[in-house]
Protein chains: 2
Amino acid sequence: MTKKERHELILKLITEKEIDNQQDLSNALKKSGIEVTQATISRDINDLKLIKINGIAKKYRYSLPFSQAIISHESAEILSKLVISVVTTSNFIVIKTLDGSANTAANIIDDATFVNVLGTIAGDNTILIVLNTKQDAEVVCQKIKELIKNA
Amino acid sequence: MTKKERHELILKLITEKEIDNQQDLSNALKKSGIEVTQATISRDINDLKLIKINGIAKKYRYSLPFSQAIISHESAEILSKLVISVVTTSNFIVIKTLDGSANTAANIIDDATFVNVLGTIAGDNTILIVLNTKQDAEVVCQKIKELIKNA
DNA sequence: ATTTTTGTTGTATAATTATTATGAGGTGTA
DNA sequence: TACACCTCATAATAATTATACAACAAAAAT
């Protein structure tokens, strides 16, 4: 196991789960077969420049600073082809996609790790994204539109 | 507002929500129109002999030092393994599950027949439960959490 | 083939931050 | 007055994170 691999796994873990302290992260790594101490995690966090942001269920969560949020050009391109419309209503975003593509699009959007997203549900040609507040919905909606526009 | 009333409200709040610190509790009380400082809460907690137990979404939560187990141990056990988080927003409950497990979890929850549930939609790793009111959502959310907790 | 340098880690613990408890003083009421 | 109860300020405690130091391994230099 190299440090690089560990770093990658850390990034994966913190985007998949709300992890709010280094011991939890150490435990999560352990489940993936990588065993290091909190001290090492502390250094990793520092290397990766991770920050703590507000979580949904938890008070905090580790995260990449938003500027580094990850979505590949390729993904954005696919997204732009699949998505027909993006609208908000109260604390929801409703996205219409090509028939049968809602899931693909939803996965791409999920991977973009918008931190305020409570949950995402994809049907056949519709995605419903649930957020905490109307404001969150508007912000995230805008971000999604930008992703598509810049693809 | 009497101290007794406040104590009762505190008990109500801590059973409905996962509250993990005194400031949060103070804030929650404020929303109900009762404004006291953390210092007072500290004394209330002491009066009520509340304890901190493990939460589901959060690391801790305040609780009465007893716990009433309610439903099918087997189902609850499965549920507890599948569910990652349970949160409410307006009149919805959003449940995150392990990938691919949303349907299984949704079925178990459906079987628990919460009377106020309007409908349940399961995606791949997210369940959306729609209820009549925000209050219903909070109550049912709490019940689901209890199911899991007591597993 | 040794020796030196460099980088990485764990242990132990220091530093920091978050949370809770409490002393002192004020207000209202019997 | 005596008492209950509160806030403010801050002390005490607990949780979390960072780091000094020693050990080790691998790469580089001699």
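Every heavy atom of this structure was used, including side-chain atoms; hydrogens, water molecules and symmetry mates were not. All chains are named by letter (A, B, ...) in the order of the sequence lines, taking the proteins before the strands, and each is independently numbered beginning at 1.
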Heavy atoms from C-beta onward define the side chain here; which of [options] lies closest to that of [X]?
X     : options                : answer
B:A39 : D:dT19, C:dT20, D:dC8  : D:dC8
A:T40 : D:dC8, C:dT20, C:dG10  : C:dG10
A:Q38 : D:dC6, D:dT17, C:dT20  : D:dT17
A:Q22 : D:dT17, C:dA21, D:dC6  : D:dT17
A:K59 : C:dG10, C:dT19, D:dT16 : C:dT19
B:V36 : C:dT22, C:dT9, D:dC6   : D:dC6
A:R6  : C:dT9, D:dT7, C:dT11   : C:dT9
B:K3  : C:dT9, D:dC6, D:dT17   : D:dC6

To the nearest Å, how far apart are [X] [atom1] and [N] [atom2]?
X     : N      : atom1 : atom2 : result
B:I45 : C:dT19 : CD1   : P     : 14 Å
A:I41 : C:dG10 : CD1   : C1'   : 13 Å
B:Y60 : C:dA18 : OH    : P     : 14 Å
A:D44 : C:dG7  : CG    : P     : 16 Å
A:E5  : C:dT9  : CD    : C1'   : 16 Å
B:L29 : D:dT7  : CG    : P     : 11 Å
A:Q23 : D:dT17 : CD    : P     : 10 Å
B:Y62 : C:dA21 : OH    : P     : 6 Å

| Do side-chain atoms of A:S26 reach the backbone of A:V36 as a donor and acceptor pair under 3.5 angstrom? |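 Answer holds: yes.
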
| query | Between B:K12 and B:E8, is there a salt bridge with N-O shorter than 4.0 Å? | reply | no

| Side-chain N or O of B:K52 closer than 4.0 Å to phosphate OP1/OP2 of C:dT20 |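 Yes, B:K52 has a side-chain N/O under 4.0 Å of OP1/OP2 on C:dT20.
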
| said: Looking at B:S42, I'd like to know whether one of its side-chain N or O atoms comes within less than 4.0 Å of OP1 or OP2 on C:dT20. | reply: no

| request: Taking the side chain as every heavy atom from C-beta outward, state whether B:D24 and B:K58 have any pair of such atoms under 4.5 Å apart. | output: yes

| query | Could one point to a donor on the side chain of B:R43 or the base of D:dT7 with an acceptor on the other under 3.5 Å away? | reply | yes

| message | Please report the interatomic distance CG(A:L25) to OG1(A:T40), rounded to the nearest 0.5 Å. | response | 11.5 Å

| Member of A:T120, A:L79, A:V140 meeting the side-chain contact (heavy atoms from CB on, under 4.5 Å) criterion with A:I109 | A:L79

